[in-house]
Structures are given as structure tokens and as C-alpha cells.
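Structure first, then comments.
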Amino acid sequence: MKTIEEVLTKLDEIILWSKQKQSPIGYFACTYRIMTAQVLKGIQQKKFEDNPRMTQLDIAFATRYLNAWDSYSKGKKCTNSWYFAFEAAKNKNLLILQHIFLGMNAHINLDLGISAASIMPYRKINPLKTDFENINNVIASINQKVQDSLNKICYPVDLIDKISNGKDNAVLDFAISKARDTSWATAVMTSNTPNFLKENVIGIVDYAAAKVASQILNPKILTPALMKELKKCENIDVVKNIEILAATKNV
């Protein structure tokens with residue numbers, strides 16, 4: 001792929017497939033599409049220090065997700081953290097937020113740092129740091145719109161939003177900012193690793209991200225009984241939920 005527009009087209013294909021199959025795979029795909037479109041808008045408005053470089057990063061970043069999905073859907077091996085995220089679509093008891101967090105975990109905790117290192121010269125990652133942090137600011141600008149969509153399909157999120165007077169964006173802001181900090185550390189580590197050891201480093205980061213995925217799948221703060229009650233608060237129509245999330249891109 002050579003353009004972010006091509007990335008958006010690929011994401012649209014995954015979203016369409018998810019609707020046809022009534023698959024929760026579409027939940028993260030929608031969220032990621034919204035964020036990718038916002039990054040493209042930021043590039044078009046020249047909000048980054050080096051906009052062509054940011055385009056290169058966004059494409060490298062997306063390619064890891066798209067390749068992982070392509071491998072998984074064809075029964076081939078993908079990274080462990082993505083395997084957890086994709087396999088989770090078979091579990092009808094998981095919350096929508098769990099599906100989104102599993103995707104964010106694999107994509108930000110694993111893919112983002114590796115992608116950042118891949119577009120910069122060996123041991124020269126630091127010039128990218130400001131734009132790397134700017135990604136978070138661009139994405140954060142649409143978090144409330146995404147959360148408004150989540151409110152329509154996941155009522156406990158709406159309750160949290162009201163209790164916190166709309167200042168939480170808990171569900172997205174916290175997860176993204178924490179994951180971003182981790183991914184920059186990954187970028188620095190990967191950038192300073194010789195090529196012949198890079199796959200080992202990626203394996204270590206993937207192992208750690210897979211551990212986080214297992215915690216998302218089995219959160220200690222939620223008992224099975226509470227999870228069951230929260231699930232009852234969600235809209236059970238997967239296609240409708242995907243349509244609501246996808247509609248955010250037009251807001």
C-alpha cells in the first residue's frame with residue numbers, strides 16, 4: 001500500500017465482512033478506521049513536524065494489522081497478541097469493550113512501536129518522538145465521538161460517562177495513553193536492536209502484549225456474574241452495533 005486512502009479501503013472491506021458474518025471483529029476495525037481517518041486529516045492539515053514521514057508510519061502501522069488479519073483468516077500463523085484478539089470474536093460472552101481493547105492492545109502495544117522503528121534509521125528514533133506523541137493528540141480529538149457511539153450500544157459506558165461528568169473518556173483515553181507510553185519504549189528498544197535480533201525483540205514484546213490480552217479476557221476486577229450482568233446491558237445486534245460505530249467516521 002502506498003496511501004492512507006488504500007488503508008481506509010482495506011478497513012472498509014473488513015468492516016463489511018464483519019457485518020456479513022455478524023462478527024465482533026468489526027468493533028476494533030471500526031475504531032481503528034475512525035482513528036486512521038483522523039490521522040489522515042491531521043496530515044492533510046499539516047499538523048505534524050514531518051507529514052510525509054507520518055504517512056509512511058501510518059501505512060507501516062496499518063500493514064501490520066492487515067497482514068495479521070490476512071494470515072489469521074487464512075489459517076496461518078500471526079502474532080500471539082493478534083491471535084488472542086481475533087480468536088476472541090468466537091466468544092459470545094465478551095463485552096464490546098473487551099473486543100476493542102484486545103485490538104488496541106495488539107495494535108498499539110505491539111505494532112506501533114515496531115512500525116515506528118521500521119521507518120527510521122538504525123538507532124535514530126528520537127527525531128520521531130514529537131510526531132509520535134502528536135498522534136495521540138489527533139486521535140484524542142475524536143475519542144468523545146467514539147464514546148458517544150459506545151454509549152448507544154453499551155449502556156454501562158454511558159453511566160460511567162454521566163457519573164464522571166463527561167470528563168472520563170475513560171474507556172479510550174486511558175487505554176490509548178498508557179499503551180502509547182509502552183509503544184514508545186518498544187520503538188526505542190527495537191530501533192537500538194541489530195537486525196539479526198529484531199525478531200527476538202518482537203517476540204518478547206508480543207509475549208508481553210499477549211499477557212495483557214489474557215488480562216483483558218479475564219479481568220480480575222469483574223466477577224463472572226458481573227460480566228454476565230454487564231453483557232445484558234449491551235445491544236445484542238452485532239450488525240447494528242458495527243453500523244453505529246462506523247457512523248462515527250461521518251460525524
Side-chain angles (χ1 to χ4, degrees), residues 1-45 47 51-52 54-76 78-79 81-83 85-90 94 96-108 110-112 115 135 138-154 171-172 175-176 234-251:
M1 289 181 294
K2 296 182 179 179
T3 67
I4 297 177
E5 287 84 354
E6 289 179 78
V7 172
L8 294 173
T9 298
K10 290 289 186 182
L11 292 172
D12 284 336
E13 291 173 2
I14 295 174
I15 292 168
L16 178 59
W17 177 92
S18 300
K19 289 171 65 176
Q20 292 171 342
K21 300 294 183 180
Q22 299 185 44
S23 171
I25 290 291
Y27 294 147
F28 172 73
C30 283
T31 306
Y32 182 41
R33 192 205 187 282
I34 295 160
M35 294 176 178
T36 300
Q38 195 67 8
V39 170
L40 174 59
K41 184 177 178 181
I43 291 170
Q44 291 171 336
Q45 295 175 349
K47 290 187 176 181
N51 292 285
M54 189 52 54
T55 298
Q56 189 181 359
L57 172 57
D58 198 72
I59 292 170
F61 186 32
T63 297
R64 287 192 61 86
Y65 165 62
L66 294 171
N67 285 348
W69 170 245
D70 185 63
S71 294
Y72 175 83
S73 62
K74 292 178 179 176
K76 298 179 181 178
C78 64
T79 52
S81 45
W82 273 122
Y83 181 80
F86 296 143
E87 275 290 292
K90 299 175 182 177
L94 293 182
I96 294 168
L97 287 176
Q98 286 175 286
H99 289 294
I100 292 175
F101 278 174
L102 284 166
M104 288 172 59
N105 168 61
H107 206 35
I108 301 179
L110 175 65
D111 290 350
L112 182 54
S115 300
I135 292 176
V138 170
I139 291 173
S141 67
I142 52 90
N143 277 359
Q144 186 60 53
K145 292 175 182 177
V146 174
Q147 187 157 316
D148 288 343
S149 294
L150 287 172
N151 291 346
K152 297 175 183 178
I153 59 182
C154 184
V171 193
L172 295 172
I176 290 173
E234 290 186 345
N235 185 344
I236 63 172
D237 188 336
V238 175
V239 175
K240 183 65 176 178
N241 292 341
I242 291 173
E243 289 175 347
I244 291 171
L245 280 169
T248 308
K249 70 183 181 184
N250 298 319
V251 175

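Values in this document were obtained by computation on a predicted structure and should not be read as measured data.
Residues Ile96 and Asn235 fail the side-chain proximity criterion, which asks for heavy atoms closer than 4.5 Å. Under the 4.5 Å side-chain criterion, counting only non-hydrogen atoms from C-beta, Tyr32 is in contact with Leu11. In this structure, Leu16 and Gln20 have side chains that are in contact, with non-hydrogen atoms separated by less than 4.5 Å.
A search for side chain to side chain donor-acceptor pair (under 3.5 Å) contacts involving Lys90 returns Glu87, not counting sequence neighbours. For Ser81, the side chain to side chain donor-acceptor pair (under 3.5 Å) partners two or more places apart in sequence, or in a different chain, are Asp206.
The main-chain N or O of Met54 is never found under 3.5 Å from a side-chain atom of Asp58 such that the two would form a donor-acceptor pair.
Here salt bridge (charged side-chain N to carboxylate O under 4.0 Å, His left out) pairs that include residues 20-29, with residues two or more places apart or in two chains, number zero.
In this pair, Tyr83 and Tyr72 present their aromatic rings perpendicular. The plane angle is above 60°, beyond the 30 to 60° band.
The distance from atom OG of Ser71 to atom CH2 of Trp69, rounded to the nearest 0.5 Å, is 11.0 Å. Atom CG of Asn51 sits about 13.0 Å away from atom CD of Gln56, to the nearest 0.5 Å. The line from CG of Leu8 to OG1 of Thr36 is 6.0 Å long, rounded to the nearest 0.5 Å.
No side-chain donor-acceptor contact under 3.5 Å links Asp111 and Tyr65.
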